[in-house]
Amino acid sequence: MSQATVVSAPGKVLIAGGYLVLDPAYSGVVVSTSSRFYTVIQQSSRGPNTIQVRSPQFDGSTWIYSLDFSDSPTVQALEENTSKNKFVHLALQHTISLACEVRGISAIQQLFAPGLDIAIVGDNDFYSQRAQLATLNLPRTLSSLSSIQPFCPQGVTLSQVHKTGLGSSAALITSLVSALLLRLEVIPPSALSEDHGRDRHLAHNLSQFIHCLAQGKVGSGFDVSAAVFGSHLYTRFDPGVIAPLMGDDSTRPTSILPVVSPANSSWNHLVRPFQLPPLTRLMLADVDAGSDTPSLVGKVLAWRKNDPENANTVWTALDQLNQSLSSTLSHLSTLYSRNPKSYTAIVKFISSLQPVQWTADPSFGNDEAEIAATFYHAHAISQEIRMKMKMMGELAGVPIEPHEQTELLNECCSLAGVIGGGVPGAGGYDAVWLLVCEPEDCQPGQWPRERIEYVWSNYTKLDVSPLSAEESLAKGARLESIDAIKGLRQAMQIL
Ligand SMILES: Nc1ncnc2c1ncn2[C@@H]1O[C@H](COP(=O)(O)OP(=O)(O)OP(=O)(O)O)[C@@H](O)[C@H]1O
Ligand SMILES: C[C@@](O)(CCOP(=O)(O)O)CC(=O)O
């Protein structure tokens, strides 16, 4: 196959359900982002049984592997490689092994006769662009971000880069695994055209296993699920599904297909429909203070174990609120479908008012009154979720919504047209999300997103930098063509 195989996968934001989504009794509200990872696979000139992987955004990020098909297929990193990348190596090893199981070693070996070149890039949002904005002497605004070249070289190595929390490893693994499954003809070119086809579930199961193996832990998996399926309500899979594969090479069965096959009914995760309502916009900011998610998780789970009664009371209340948030946001989509004209008018109306004023207008007709009240209900629930997450942090001795973030979010969430917000995922200091009204038209300077941009760029108590990502309505991993993605061919240094 001479032409390139290109697959992209989105990043993630867990807007509700942090920590709870680790327990299959609860679910999380997962939003997939317009910011994506791209894997481009094409023939290389390095000769048979070699794979060259390049990440052109980073210094010292080329890894070369040799393939040995003499016994069980083995992917070996060359000694000359100046660094290691466990995520890439494990993705190559286990996807190629699976391909040999499914199609036979000789069929796969033939596909490596010319050798493969794999280039991987992530949209700029996955990495802090503060340095680039400073170099260009630009303010920290959305328009400044759009002036940075796509897939901008970071001028550092991968180990030095400041990640922004959009799930780079999950999106990377999902796009690389899916691209390899297509390239090795394990799944057909049409595989990713279905939102929930068997082939997409194979890509999901394999990506979940590889991601957990590479991270050395089994999280809830919401990040890989977002990368595969897009925005949705997520209930985790039983970690026991992949337990037989999580040991070291000596204990892992040679055949992983029975575990990762979509026919394996032990995969009991749930992916239920969800997306943000029309005429709204997700806004994300990178707060340059960082948090160590695994340690936050460890402390919260220890608290839950040591104080089960209190913890279950808090988690039950939080889960009710999380479910109310997702159903209220989904109800807004229903209200739009029922009466788009009134919905559009209300969005414009509330975009100019603080949330406390949204239901104050007695002149509303029934439809308009219901729409305004539903938007206000979403706002109130989002604020309650923040309070409960903050309280959980205080009970567990963990800065889930530390006071610096509380101050920032209180200022943002009281502004005109702001539906809600919070700390995404595990919380801490590294990010905030907001959902704001995006009316069909607005006077310049009156857009809620402009007001938020102004607050963030002038905020002094924390270093807040916007990300350009919005919600992606595309359902997860998808086949791409290189020239349809601005800057991709150049970034891949493809002649
Ligand atoms: N552009 C890239 N090319 C190759 N590997 C990458 C790239 N970006 C990230 N990675 C891999 O993903 C790893 C980061 O995974 P890790 O689990 O530490 O972060 P994460 O939780 O996904 O981060 P975040 O959610 O902040 O993006 C890196 O160490 C690297 O191996
Ligand atoms: C705390 C947790 O529930 C969410 C972590 O989300 P994030 O990495 O902080 O976006 C962990 C998990 O779901 O794996």
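Just so you know, ligand 1 is whichever comes first in the structure, and atom 1 is the first atom listed for that ligand. Throughout, residue positions are numbered sequentially from 1 according to the sequence presented. These figures come from a predicted structure and were not determined experimentally. As a basis for the values below, the full set of heavy atoms in this structure was taken, side chains included, without hydrogen atoms, waters or symmetry mates.
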Q. Would a 4.0 Å cut-off, counted as strictly less than, catch a protein heavy atom around atom 28 (C) of ligand 1?
A. no
(Q) I'd like to know if Gly167 contacts ligand 1, where contact means a heavy-atom distance under 4.0 Å to any ligand atom. (A) yes
Q | Arg478/Glu480 ion pair, N-O < 4.0 Å | A | yes
Q: Check each heavy atom of Arg236 against ligand 2 and say whether those closer than 4.0 Å belong to the side chain, the backbone, both or neither.
A: neither
Q. Backbone or side chain, does any N or O of Val297 fall under 3.5 Å from an N or O of ligand 2?
A. no
**Q.** Per-atom contacts of ligand 2 with Gly425, taking only distances under 4.0 Å to non-hydrogen atoms
**A.** 6 (O), 7 (P), 9 (O), 10 (O)
Q) Which ligand 2 atoms are under 4.0 Å away from a heavy-atom of Phe222? A) 4 (C), 5 (C), 6 (O), 10 (O), 13 (O)
Q) Counting each atom of ligand 1 from 1 as listed, which ones have a heavy atom of Leu172 under 4.0 Å away? A) 5 (N), 6 (C), 10 (N), 11 (C)
Q: Check Ser169 against ligand 1 and report side chain, backbone, both or neither, counting heavy atoms closer than 4.0 Å.
A: both
Q. For the side chain of Gln208 and the backbone of Gly221, is there at least one donor-acceptor N/O pair under 3.5 Å apart?
A. yes
**Q.** Atom indices of ligand 1, in the order listed, that fall short of 4.0 Å to a heavy atom of Gln215
**A.** 17 (O), 21 (O)
Q. Quick one: does Thr235's side chain have a donor or acceptor within less than 3.5 Å of a partner on His269's backbone?
A. no
Q.
Applying a heavy-atom cut-off of 4.0 Å, say which part of Tyr127 lies close to ligand 1: side chain, backbone, both or neither.
A. side chain
Q.
Counting non-hydrogen protein atoms only, what is the nearest one to atom 26 (O) of ligand 1? Give residue, atom name and distance.
A. Gly165 N, 2.9 Å
Q: Please identify which atoms of ligand 1 are closer than 4.0 Å to at least one heavy atom of Phe58.
A: 1 (N)
Q) Backbone, side chain, both or neither: what part of Asp223 comes under 4.0 angstrom of ligand 2, heavy atoms only? A) neither
Q. Are Phe151 and Tyr127 an aromatic pair by the rule of ring centers under 6.0 Å?
A. no
Q) Is there a heavy atom of Phe126 sitting under 4.0 angstrom from any atom of ligand 1? A) no
